[in-house]
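Have a look at the structure below, then the notes.
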Amino acid sequence: FGNFYDAYNRYQKEGFSPRVAAEMAAGIGGGLMAIPTLPTEIVGGVLQAPELAYETYPEMKKAEEFAAANELPMMQAC
């Protein structure tokens, strides 16, 4: 629950934002995943997704821009 605590402190300083909500969800998800049952691990994993998206989106944009600048094909969603 360390991530949740850090996100809560960030919420206290900066106010609510989608980024803070994603960090809080990831913190709760991490705590749930520590309980070794299938339902808690599934729910905990799903709660990790928003934070993962926030972390990987900037890198994906950089890769997309690099590919466009160098005329490289990018994978397209079907």
Side-chain angles (χ1 to χ4, degrees):
F1 286 98
N3 290 353
F4 178 81
Y5 182 72
D6 293 341
Y8 181 76
N9 287 333
R10 191 174 187 181
Y11 164 74
Q12 293 293 330
K13 291 179 185 175
E14 302 172 10
F16 180 79
S17 71
R19 174 68 181 202
V20 170
E23 289 177 5
M24 285 183 173
I28 292 169
L32 284 174
M33 289 178 73
I35 302 168
T37 64
L38 184 60
T40 57
E41 291 195 15
I42 290 171
V43 171
V46 168
L47 288 173
Q48 300 285 319
E51 177 66 14
L52 182 62
Y54 269 106
E55 289 179 9
T56 58
Y57 181 76
E59 298 303 318
M60 292 301 295
K61 284 302 277 183
K62 287 180 194 174
E64 186 176 283
E65 291 168 2
F66 177 80
N70 294 296
E71 298 180 7
L72 300 173
M74 288 290 291
M75 292 178 52
Q76 300 293 323
C78 295

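- In the hydrophobic clustering of ILVMFWY residues, with side-chain heavy atoms under 4.5 Å counting as a link, Leu47 and Leu38 come out apart.
- Across all their heavy atoms, Gln48 and Gly30 have their closest contact at NE2-N, 2.9 Å.
- With sequence neighbours left out, Glu41 forms a side chain to side chain contact (heavy atoms under 4.5 Å, CB included) with Pro36.
- Under the 4.5 Å side-chain contact rule for hydrophobic residues, Ile28 and Met33 do not share a cluster.
- The line from OG1 of Thr37 to CG of Leu32 is 8.5 Å long, rounded to the nearest 0.5 Å.
- The distance from atom CE of Met24 to atom CD of Glu51, rounded to the nearest 0.5 Å, is 12.0 Å.
- For Lys61, the side chain to side chain contact (heavy atoms under 4.5 Å, CB included) partners are Tyr57, Glu64, not counting sequence neighbours.
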